[in-house]
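Working notes for the structure below.
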Amino acid sequence: MKRDGFGSKLGIIAAAAGSAVGLGNIYRFPCELGNNGGGAFLIVYLLIVLGLGVPVMLSEFVIGRRTQKNPVGAFRMLRPKSGWPIIGYLGVICGLIILAFYSTVAGWTLEYIVKAVGDQFSGKDLSVIEQEFSDFHNLGWKNVLWQVVFIFLTAFVVFKGVADGIEKYSKILMPLLVLILIVLAIRSITLPGGTDGLSFLFKPDFSKITGSVVISALGQAFFSLSMGMGVLITYGSYIKKEDNLLSSSVSVVLADTLVAVLAGLVIFPAAFSFGVQPTAGMGLVFNTLPMIFNQMSGGYFFCIIFFVLLAVAALTSTISLLEVIVAYLVEELHINRRWATVVAAVASAIVGVFASLSLKNGSAFSIGGNSFFNCLDFVSSNILLPIGAFFIVLFVGWIMGKSEFFAEVTNEGKLKMSIKGIVFFIIKFLAPVAIAIIFVTGLF
Ligand code: TRP
């Protein structure tokens, strides 16, 4: 069967960065940072991203491009009749879980586009904006409606296939998002009291670093880079044989981290200026942003453009999640692409509805005092992704081995790469040990 492929070098970076950059950077990162001690979290996060991001991402790309398969098929091809395909199955399930709660928040971006177009924020006080956000949650059905619309949009793009679907959308709009974040960051920092937010971000209080901060940073790093569940194995399988996997991994990691830090620079100065608590979670982003636009000339237009771009960023991420499930169904269960897309979308929408409804006040969908939404988030990001990433680097380092790894990263010897030995050493020894230590100490 002929497989789809990305059209150009920029294409892979754009598509992988499209998967990586999303609500994870703009919505989840500030939430986690605010709840885990500010600057201390940022330092741990950056250490993890820079230390583990490239080796894990490269390992996924290598597995994917080597085998030209979905995560389950890839492990099955490399080690037939072994337990390794379980890592692939875990990834497919994890993709479904993430898609279920991610689409909740993705749906909100659509609601906020509508609000922005209707000029429904301007002149309002923070307390009113906060009230309207919580009323919107508590309505329930409206969340669900937007969520289903969002999953439908995702399915539509995935259905059309990789090259003219994913690639086309990522390439133009992501740089635009970076640009608008820079404008917003400048506005935010120059608000009265905005520099308090800078101190919160950049003056770490090391006494705040605890096991749960460290594991949250690990989960956030993997979540933000779309690592540990086979998205990058699947995308790796679409990358051309001539492309440089190592430099692509470095570019994607840097781009993703840039967007996260920019988001922090937008959110925290403004939050401190308006008096939104850094621990406000979802409200931190959805209430602070409209307030910033209220304080800008041209705020009306910036607000619309911003929420449109945020929705697109979320879409390129949900596409990658759905694509993993679809690639598995098509290649392993031999369901045609049309039906596979429908099945995967409906399954994630069904789980997703419960995630959305669990955010209502007093909702029955909670486990041990935590909303179903938070449970899905915690289990996938802080448990399944680290486990997946651990086994992926272990696989490349110990099972696939040096010669096959070198062959794939150097494009069968065509690329001269002096640091390949060091990179392999990190993948084989340092990365699995580091993930295991962070995971075990963080959890217990
Ligand atoms: N990385 C995306 C974000 O930051 C979300 C995402 C897409 C993801 N695909 C993933 C997270 C795979 C984990 C695994 O918004």
Side-chain angles (χ1 to χ4, degrees), residues 14-33 45 49 52-53 56-57 59-61 64 70-71 87-88 90-109 150-151 154 157-158 166 169-170 173-174 177-178 181 216-236 249 252-253 255-264 285 309-328 344 348 352 376-389 392:
S19 168
V21 174
L23 299 170
N25 307 60
I26 291 162
Y27 152 82
R28 198 176 188 279
F29 175 77
C31 284
E32 292 289 299
L33 190 133
Y45 177 79
V49 164
L52 291 174
V56 178
M57 185 170 291
S59 299
E60 287 206 32
F61 280 158
N70 66 85
I87 303 306
L90 212 65
V92 173
I93 294 167
C94 188
L96 191 98
I97 297 177
I98 294 176
L99 192 53
F101 73 85
Y102 197 91
S103 56
T104 301
V105 184
W108 299 347
T109 63
F150 205 94
I151 292 178
T154 309
V157 181
V158 167
I166 302 174
Y169 296 93
S170 307
L173 296 169
M174 288 305 102
L177 180 67
V178 170
L181 282 171
S216 301
L218 184 75
Q220 174 60 26
F222 289 159
F223 187 90
S224 190
L225 294 169
S226 301
M227 296 188 320
M229 57 141 287
V231 159
L232 302 165
I233 294 181
T234 309
Y235 276 24
S249 309
V252 174
V253 168
D256 186 75
T257 308
L258 171 75
V259 176
V261 173
L262 274 176
V285 177
L309 290 175
L310 187 59
V312 174
L315 186 63
T316 52
S317 301
T318 52
I319 288 167
S320 73
L321 290 160
L322 191 63
E323 178 64 27
V324 171
I325 311 171
V326 170
Y328 162 72
S348 49
L376 293 181
D377 185 345
F378 183 85
V379 167
S380 54
S381 313
N382 293 6
I383 297 180
L384 295 179
L385 295 180
I387 291 177
I392 285 166

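In what follows, residues are counted from 1 in the order of the sequence shown. Order of appearance sets the numbers: ligands from 1, and atoms from 1 within every ligand.
Considering backbone and side-chain atoms alike, Phe222 places every N or O at 3.5 Å or more from each N or O of ligand 1. The shortest N or O to N or O distance between Leu23 and ligand 1 is under 3.5 Å. Remark: ligand 1 and Phe223 share an N or O pair separated by less than 3.5 Å (distance only, no angle test). Residue Asp256 has no nitrogen or oxygen atom sitting less than 3.5 Å from a nitrogen or oxygen atom of ligand 1, judged on distance alone.
Taking atom 5 (C) of ligand 1 as the reference point, the nearest protein heavy-atom neighbour is Tyr102 CE1, 3.6 Å. In terms of protein heavy-atom proximity, atom 13 (C) of ligand 1 is closest to Ile98 CD1, 3.5 Å. For atom 7 (C) of ligand 1, the nearest non-hydrogen atom of the protein is Ser226 OG, 3.3 Å.
Side-chain N or O atoms of Asn382 include none that pairs as donor or acceptor with a backbone N or O of Val379 at under 3.5 Å. Glu60 places no side-chain N or O within 3.5 Å of a backbone atom of Met227 that could act as its donor or acceptor partner. With hydrogens and angles ignored, the 3.5 Å screen pairs no side-chain donor or acceptor of Glu323 with any backbone N or O of Tyr235.
Atoms of ligand 1 lying under 4.0 Å from any heavy atom of Val231, numbered from 1 in the order shown and given with element: 9 (N), 12 (C). Each of the atoms 3 (C), 4 (O), 15 (O) of ligand 1 lies under 4.0 Å from some heavy atom of Gly24. Taking every heavy atom of Ser320 and a limit of under 4.0 angstrom, the matching atoms of ligand 1 come to 7 (C), 9 (N). Close contacts of ligand 1 with Asn25, meaning ligand atoms under 4.0 Å from a residue heavy atom, involve 4 (O). Atoms of ligand 1 found under 4.0 Å from any heavy atom of Met229, numbered from 1 in the order shown, are 12 (C), 14 (C).
Counting only N and O atoms by type, the side chains of Ser317 and Ser19 include no donor and acceptor under 3.5 Å apart. Side chains of Asp256 and Ser224: a donor-acceptor N/O pair is present below 3.5 angstrom, by distance only.
For atom 2 (C) of ligand 1, the choice among Ser19, Gly95, Gly22, Gly18 with the nearest heavy atom turns out to be Ser19. Checking Ala20, Ala17, Ser317 against atom 4 (O) of ligand 1, the nearest heavy atom belongs to Ala20.
Once rounded to the nearest 0.5 Å, the distance linking CZ of Phe150 with OG1 of Thr109 reads 5.0 Å.
Here the closest heavy-atom approach between residue Leu385 and residue Cys94 is recorded as CD2-SG, 3.8 Å.
For Phe223 and Phe29, the ring centers sit 6.0 Å or farther from each other.
The aromatic rings of Tyr27 and Trp108 lie perpendicular to each other, with more than 60° between the two planes, well past the 30° mark.
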